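Nothing here was measured: the structure is a model prediction, and the numbers come from that model. Chain A is the first sequence line, chain B the second, and so forth, proteins listed ahead of strands; every chain is numbered from 1.
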2 protein chains.
Amino acid sequence: MKQSPLELRHLRTVQALAETGSVSQAAKRLFLTQSALSHQIRLLEEMYGLALFERKTVPLKFSPAGERLLALARTMLAQVAAAERDLARLRQGDAGELRVAVECHTCFDWLMPAMDIFRLHWPAVELDIVSGFHADPVGLLVSGRADLAVVSEAEEQDEVVYLPLFAYEMVLIVARDHPLAGKRVWEAADFADETLISYPVPDAMLDLMRKVLKPAGVTPAARRSSELTVAIIQLVASRRGVAALPFWAVKPYLERGYVVARRIGEKGLISELYAALRSADAELAYARDFVATVRETSFATLPGLSTLDPAGS
Amino acid sequence: MKQSPLELRHLRTVQALAETGSVSQAAKRLFLTQSALSHQIRLLEEMYGLALFERKTVPLKFSPAGERLLALARTMLAQVAAAERDLARLRQGDAGELRVAVECHTCFDWLMPAMDIFRLHWPAVELDIVSGFHADPVGLLVSGRADLAVVSEAEEQDEVVYLPLFAYEMVLIVARDHPLAGKRVWEAADFADETLISYPVPDAMLDLMRKVLKPAGVTPAARRSSELTVAIIQLVASRRGVAALPFWAVKPYLERGYVVARRIGEKGLISELYAALRSADAELAYARDFVATVRETSFATLPGLSTLDPAGS
DNA sequence: TTGTTTCATGAATATTTTTCACCAAGATGA
DNA sequence: TCATCTTGGTGAAAAATATTCATGAAACAA
């Protein structure tokens with residue numbers, strides 16, 4: 001019986017397990033294979049001679065031992081993050097400015113909580129949202145009017161680096177009694193006779209138009225727009241049209257049965273988000289920590305997120 | 001720049017560094033080579049782009065970054081220990097009895113603080129010291145009158161397992177104006193004309209007699225004894241004789257200049273301590289934790305301790 | 001001066017982690 | 001019902017990582 005010591009790696013695994021509810025999802029989150037995690041968990045269980053969770057249920061159910069380790073993981077990983085922030089400040093000071101440009105409406109849902117946390121951690125950094133609507137956030141970046149831009153495509157560009165935030169599925173929402181409500185998967189052609197309700201932004205910035213309808217040469221029969229997500233949901237519920245929204249944004253309404261969600265295309269319409277920084281700022285501790293904070297708070301609170309490879313594929 | 005994550009291993013290193021004050025001592029404490037630690041520290045420093053301590057001074061001096069990591073290490077390792085105790089309780093319950101038999105007088109110096117901590121951690125375990133003096137603590141163990149015995153030799157025996165506690169140097173103490181006070185190292189022959197002051201126990205249990213004088217066939221000119229360490233020091237200071245005591249027990253008196261300490265034999269007289277358990281109790285969580293607690297509190301508070309190989313060589 | 005101790009470093013080695021290539025068991029859907 | 005997917009587990013192979021070995025340089029003591 002070889003007694004290998006507990007490492008933070010194990011705690012990161014336990015936390016990922018709790019957040020994703022399954023071994024394979026946790027593996028994706030940690031950029032490991034499911035097999036690697038399976039081995040790691042077995043070792044961890046042997047180490048204490050205790051089962052950590054039941055695997056037969058979904059989401060997996062932690063045993064008392066698992067719960068205890070999870071509690072340890074939560075406090076420990078938070079402390080490590082705090083210490084690493086202190087070290088970063090020690091290295092390059094704690095003051096600075098971070099002007100964030102955002103191009104998507106729903107982004108504010110996760111941006112606000114993340115900003116609150118960030119302000120606690122970096123009180124000396126001036127954090128601002130670049131106000132107004134901007135068609136070209138990266139332009140703001142290179143022209144020096146913003147320091148960090150949230151974008152949905154990582155287009156290779158000099159002087160700009162992209163850090164992946166996360167990916168999520170855009171679902172079609174439709175009234176419960178809509179004629180096509182029973183269709184499990186919607187294809188581009190199904191939109192030809194529908195009224196599409198969206199945020200009032202250029203089509204190039206709507207993933208449904210850009211990635212699905214435009215390539216298929218389909219134009220919706222009519223268009224309507226609204227600034228507010230709830231307003232869009234209300235319109236859909238009262239059969240004024242259909243809309244494509246992030247799954248995590250509509251989940252609460254689905255649960256209340258106002259509308260139903262359907263997959264767009266056989267594999268689903270996956271949207272991606274990246275943080276863009278000027279290369280010169282790429283190593284700026286508080287900028288990187290902002291990105292890390294967005295990732296952490298989003299993964300912890302939004303359902304159904306998935307990771308994005310650092311490569312930015 | 002490869003970004004390897006922080007692991008508990010690194011924190012254990014930082015703590016050992018703080019407790020021992022040097023890289024090579026810390027390596028011994030962790031059962032690693034000095035080289036391994038040197039590599040590990042370099043990686044840790046590269047990871048945060050900060051120096052952790054100045055090496056040119058003894059004991060080494062932590063930088064602010066090093067201090068921050070040390071603070072992290074202290075809280076984290078304590079939390080891990082607490083969680084692991086909880087897991088052990090989850091596995092085999094938290095109640096039991098632990099009767100400790102001790103054969104050495106000075107042992108009480110480190111035993112009491114360790115027992116206080118242990119009682120906090122295992123309130124449901126009845127912890128007792130087997131009262132009175134016992135010439136054969138292991139006998140008490142096998143006859144069931146004690147559950148854990150502190151001994152100075154790990155003699156291979158059926159049904160008994162030995163867990164190493166620590167090793168320390170026994171030094172000769174002598175008055176400042178004693179004729180031989182200038183001698184850097186005392187050999188067995190030097191004791192022939194001296195009065196030896198010791199605790200009132202059989203010679204077989206005095207390391208000086210057992211390991212040095214007896215093998216050399218030397219008998220001190222006279223003997224005196226006392227139960228109390230301070231009393232022995234007083235006798236030595238007033239030139240009534242010489243005594244051999246653990247370095248950590250006399251260090252405070254040395255600093256006040258009452259007496260001086262000298263090495264016994266060219267390589268020093270090293271005493272070892274082991275905890276003996278019945279094999280049946282070897283996996284008992286609270287018994288193992290008692291041993292761990294003794295080790296931790298002793299290394300943290302007594303100067304000049306060294307580790308003892310698990311083998312028990 | 002000569003030894004002795006301490007720490008650093010590159011190359012070699014050992015160990016550990018991770019992946020790969022399977023298998024089995026439950027779901028899910030046709 | 002049967003195929004098909006997804007999920008999780010395993011042993012063996014591969015990759016990554018940690019550790020040791022064999023040195024050397026610097027500080028310090030005798």
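- Protein atom CG of A:Leu37 is 16 Å distant from nucleotide atom C1' of C:dC20, rounded to whole Å.
- A straight line from CG of A:Leu8 to P of D:dT17 spans 16 Å, rounded to a whole angstrom.
- Minimum atom distance to the side chain of B:Ala36 is reached by D:dT20, of the listed C:dC7, D:dT20, C:dT19.
- Rounded to whole angstrom, the span from the NZ atom of B:Lys56 across to the P atom of D:dC28 amounts to 9 Å.
- Using a cut-off of 4.0 Å between Lys/Arg side-chain N and Asp/Glu carboxylate O, A:Arg91 and B:Glu45 are scored as not salt-bridged.
- Between A:Gln40 and C:dT17, a side-chain N or O to OP1/OP2 separation shorter than 4.0 Å is absent.
- Side-chain polar atoms of A:Ser152 and A:Glu272 form no donor-acceptor pair below 3.5 angstrom.
- In this entry the distance linking CZ of A:Phe31 with C1' of D:dA16 reads 18 Å, nearest Å.
- Phosphate contact (OP1/OP2 of C:dT17, side-chain N/O of A:Arg9, threshold under 4.0 Å): present.
- The phosphate of D:dG9 has OP1 or OP2 within less than 4.0 Å of a side-chain N or O from A:Arg55.
- Residues A:Arg184 and B:Gln25 each lie close to DNA chain C; by heavy-atom proximity, the contact nearer the 5' end of the strand is made by B:Gln25.
- Judged by distance alone with a 3.5 Å cut-off, a donor-acceptor contact links the side chain of B:Ser35 to the base of D:dC21.
- No side-chain donor from either of A:Gln92 and A:Glu283 sits under 3.5 Å from a side-chain acceptor of the other.
- Across the protein-nucleic acid pair, A:Glu46 atom CD and C:dT17 atom P stand 12 Å apart, rounded to whole Å.
- Side-chain atoms of A:Ser38 stay outside donor-acceptor range of the base of D:dT10, with no qualifying N/O pair under 3.5 Å.
- Within 3.5 Å, a donor on the side chain of B:Gln34 pairs with an acceptor on the base of C:dA8, or the reverse.
- Partners of A:Lys183 according to the salt bridge (Lys or Arg N to Asp or Glu O under 4.0 Å) rule, which considers only residues two or more places apart in sequence or in another chain, are A:Asp190.
- Nucleotide D:dT20 holds its P atom 13 Å from the CD1 atom of B:Ile41, rounded to whole Å.
- For the ring pair (Phe, Tyr, Trp, His ring centres under 6.0 Å) test, residues two or more places apart in sequence or in another chain that qualify with B:Phe166 are B:Trp110.
- In this structure, the CZ atom of A:Arg42 is 21 Å from the P atom of D:dT7, given to the nearest Å.
- Judged by distance alone, with hydrogens and angles left aside, A:His39 brings a side-chain donor or acceptor within reach of the base of C:dT19, the pair sitting under 3.5 Å.
- Between A:Leu32 atom CG and D:dT17 atom P there is a gap of 11 Å when expressed in whole angstrom units.
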